[in-house]
Amino acid sequence: MEKEITPSQSEWLIMEVFWASETSLTAKEVIKKVRDNTDMSPRMVRVLINRLCQKGVLSYVVDEQDLRVYHYSVVKSKEECQKEKSRKFVDSYFEGSGKNAMAALLQSATLTEEQLLELEEILKRRKEKDKEKE
């Protein structure tokens with residue numbers, strides 16, 4: 001079984017804090033920000049940060065003044081993680097068929113006319129991009 005490299009649902013909550021920040025954060029800072037939105041214990045936040053480092057989503061440097069403090073930084077953008085998560089979803093539930101995944105999502109979603117036009121524009125740009133590659 002291949003090693004999971006995308007954030008889990010709980011890890012995603014932690015990453016939202018990092019993606020919203022423009023600087024590196026310590027575990028203590030993350031715990032303080034997460035406490036407002038969840039009932040996650042400080043220990044759980046630290047465990048999730050460690051897992052995110054193991055997955056290569058976060059990196060860290062040790063504080064020069066206090067070797068017990070780590071400063072964590074984002075390695076993978078939200079967009080990169082969304083692409084990886086989407087690919088894994090398509091592979092897991094639709095046998096790798098992007099067409100089947102898109103069809104299922106479109107059939108189950110309630111979309112406005114504006115949203116449908118936006119999706120048509122996305123498909124148009126994708127077709128143009130694919131033609132350029134040929």
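Small disclaimer: the values here were computed from a predicted structure and weren't measured.
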Exercise for the section: Starting from Leu111, walk the hydrophobic network (Ile, Leu, Val, Met, Phe, Trp, Tyr; side-chain heavy atoms closer than 4.5 Å) and list everyone else you reach, by chain and number. Expected result: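 Other cluster members: Leu106, Leu116, Leu119, Ile122.
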Between [X] and [Y], which heavy-atom pair has the shortest distance, and what is it?
| X | Y | result |
| --- | --- | --- |
| Cys81 | Val57 | SG-CG1, 4.1 Å |
| Val90 | Gly98 | CG1-N, 3.7 Å |
| Gly96 | Arg87 | O-NH2, 3.2 Å |
| Val34 | Val45 | CG1-CG2, 4.2 Å |
| Pro7 | Lys55 | CA-NZ, 4.2 Å |
| Val75 | Glu80 | O-OE1, 3.9 Å |

Taking side chain as C-beta onward, heavy atoms only, is [X] less than 4.5 Å from [Y]?
| X | Y | result |
| --- | --- | --- |
| Trp19 | Val74 | yes |
| Ile14 | Met40 | yes |
| Tyr60 | Ser73 | no |
| Val30 | Arg46 | no |

Spacing of [atom1] belonging to [X] relative to [atom2] belonging to [Y], to within rounding of 0.5 Å:
| X | Y | atom1 | atom2 | value |
| --- | --- | --- | --- | --- |
| Ser92 | Lys85 | OG | NZ | 9.5 Å |
| Lys76 | Ser59 | NZ | OG | 12.0 Å |
| Ile49 | Thr26 | CD1 | OG1 | 8.0 Å |
| Leu58 | Met15 | CG | CE | 4.5 Å |
| Leu52 | Glu11 | CG | CD | 4.5 Å |
| Lys131 | Lys129 | NZ | NZ | 15.5 Å |

Between [X] and [Y] (side chain of the first, backbone of the second, donor and acceptor by atom type, cut-off under 3.5 Å), is there such a pair?
| X | Y | result |
| --- | --- | --- |
| Thr38 | Arg35 | no |
| Lys33 | Val17 | no |
| Lys88 | Thr6 | no |
| Glu16 | Leu13 | no |

Problem - Residue list, side chain to side chain contact (heavy atoms under 4.5 Å, CB included) with Asp66, at least two apart or on another chain - result: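 By the side chain to side chain contact (heavy atoms under 4.5 Å, CB included) rule, Asp66 matches Asp63, Arg68, Val69.
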Practice task
Give the ring-plane orientation class for Tyr72 versus Phe18, where under 30° counts as parallel, over 60° as perpendicular and anything between as tilted.
Solution key: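 It falls in the perpendicular class, over 60°.
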Exercise for the section: Count the heavy atoms belonging to other residues, nucleotides or ligands that lie under 6.0 Å from CZ of Arg43, then report whether that count exceeds 12. Expected result: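 No, the 6.0 Å shell around CZ holds no more than 12 heavy atoms from other groups.
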Handout entry: Hphob cluster co-occupancy, Val62 + Leu25, side-chain heavy atoms under 4.5 angstrom
Key =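 Yes, same cluster.
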Problem - Leu67 with Tyr70, same ILVMFWY side-chain cluster at under 4.5 Å - result: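 In one cluster with Leu67: Tyr70, yes.
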Exercise for the section: Write out all pairs satisfying side-chain hydrogen bond (donor to acceptor under 3.5 Å, both in side chains) with one or both partners inside residues 109-122, taking only residues at least two apart or from two chains. Expected result: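 Qualifying pairs: Thr112-Gln115.
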